[in-house]
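First the structure, then my questions, so here it is.
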Amino acid sequence: MTIDYNQRIPNNVNLANDRTLQRALEHWQPKFLDWWREMGPNDFAAADVYLRTAVGVDAQGWASYGAVKMPDYRWGIFLADPVADRTIGFGDHYGQPVWQQVPGELRSQFRRIIVTQGDTEPASVEQQHLLGHSCPSLYDLRNLFQVNVEEGRHLWAMVYLLHAYFGRDGREEAEELLARHSGDVDKPRILGTFNEPIDDWLSFFMFTYFTDRDGKFQLKSLAESAFDPLSRTCRFMLTEEAHHMFVGETGVGRVVKRTLELMKESGTDDSQAIRDQGAIDLPTIQRYLNFWFTSSLDLFGSEVSSNAAGSFASGIKGRPDEDQYQDHVCSEAAYDLQTPQGTQTVSLRNAMNEVMRLSYIKDCEIGVKRWNMQMQRAGSDFRLALPSPRFRRTIGSWAGAATDPLGNPISREEYERRVQDWLPSEADRAFVRSVMQRVTAPGKIAGWIAPPDRGINSLPVDYEYVRLS
Ligand SMILES: [Fe+2]
Ligand SMILES: [Fe+2]
């Protein structure tokens, strides 16, 4: 299905044939643009940014690249092509044809899940609202803006579903998605991580590595959904999402690379000595990793969840890559959980959040291994590590339990005494912010990060990816 760019709202859902829906979305569009101007990277509204825009939904060749002013970005509605004769892949309705409409009895659950996903998309744009001012290079500035416009598009993806399938309730929820704001005291975003400020680029890279990866797993589980329009929407979002995690993985890798270079040049791994040279010492990188990883783990919810069991049973949400499992019904299987009180055996359906969290953790480990290889090659003994999923949790059976990063239970006093070694302190954050000096000359890069190995879309690294005017 090709994307129709002659419409006010680019789409491949034949919007022109549904005048009521089209009008409703055209009514929401200016509100979205107002939100973008108020809460997005609006100080750069006049800049020409080298952005990719979706022109199709094929895995190959789906994007075109060119200079765009962000407020002119063509946000639209793009669903992956339908899979012929698709059947439900899990739960009580396993093997039955998928649904083109939401069953009445599942309406509120579907709506809640779409709203929760939708809420994260504009939230991250709000969190990154001021980052452009401290960009380490034009290449990075462009990547930030690419991520921002695509999170805006992901909001469109969810708003389309709300408008198209949930009537008046859906339209009201779409308004609310623009009314809540990240970190707002009265109307915060729904999930904790999306209210954390991102005011330095190390946090941005950790966020895109760990929190966008949570997004990947949520989208993968919704791509399994029995509600086919939701599945198709999420499948195309996953295509866009991959770049966000690339930005995170290579971003952290380049920070590590620069620090290793300075360690080698100066012949020391002393944190203060590295900081004195304007780079970020490896223990600080570990503390940032601890913060964003643990915060992202909470996004998967409680280990034991009747909600998760219900979503799986009814076909709302499967496991990421459901194909990899033998048993797609899971009505008999049991699952052993390690809780602070000991081993607890629950039904597998009730443990679906934990199953998903564990596959997420496995995926997180891949990048950590790559960063550690850089250290090994550079002759450093330092290694980054993911903390235990018991550490610093605020949701689930380990919530509030005092443990060290390895997950060993410790006293509250010991935790308080040592937390400075494990999580970024105010002084760490102030230091990291202090090195974030804006660099905007083409091909130039800030001193705390190495340049990228290659540019965007085969262009050279020193290409003027953002033309500031
Ligand atoms: Fe997204
Ligand atoms: Fe993303």
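Order of appearance sets the numbers: ligands from 1, and atoms from 1 within every ligand. We number each residue from 1, following the sequence as shown. Note: hydrogens, waters and symmetry copies are ignored here, and every other heavy atom, side chains too, is used.
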Output, by chain and residue number, all protein N/O/S atoms separated from the Fe ion (ligand 1) by less than 2.8 Å. Glu121 OE1, Glu151 OE1, His154 ND1
For Phe207 together with Trp292, are the ring centres under 6.0 Å from each other? yes
Quick one: salt bridge (Lys or Arg N to Asp or Glu O under 4.0 Å) partners of Arg370, sequence neighbours excluded? Glu249
Tyr160 and Trp156: aromatic ring centres closer than 6.0 Å? no
Heavy atoms from other residues, nucleotides or ligands near NE2 of His27 exceed 12 (cutoff 6.0 Å): no
Ignoring hydrogens and angles, write down the donor-acceptor pairs under 3.5 Å from the side chains of residues 448-464, residues two or more places apart or on other chains.
residue : atom : partner : partner atom : Å
Trp448  : NE1  : Val435  : O            : 3.4
Asn457  : ND2  : Tyr50   : OH           : 2.9

Output all residues satisfying side-chain hydrogen bond (donor to acceptor under 3.5 Å, both in side chains) with Arg429, sequence neighbours left out; order by chain, then residue number. none
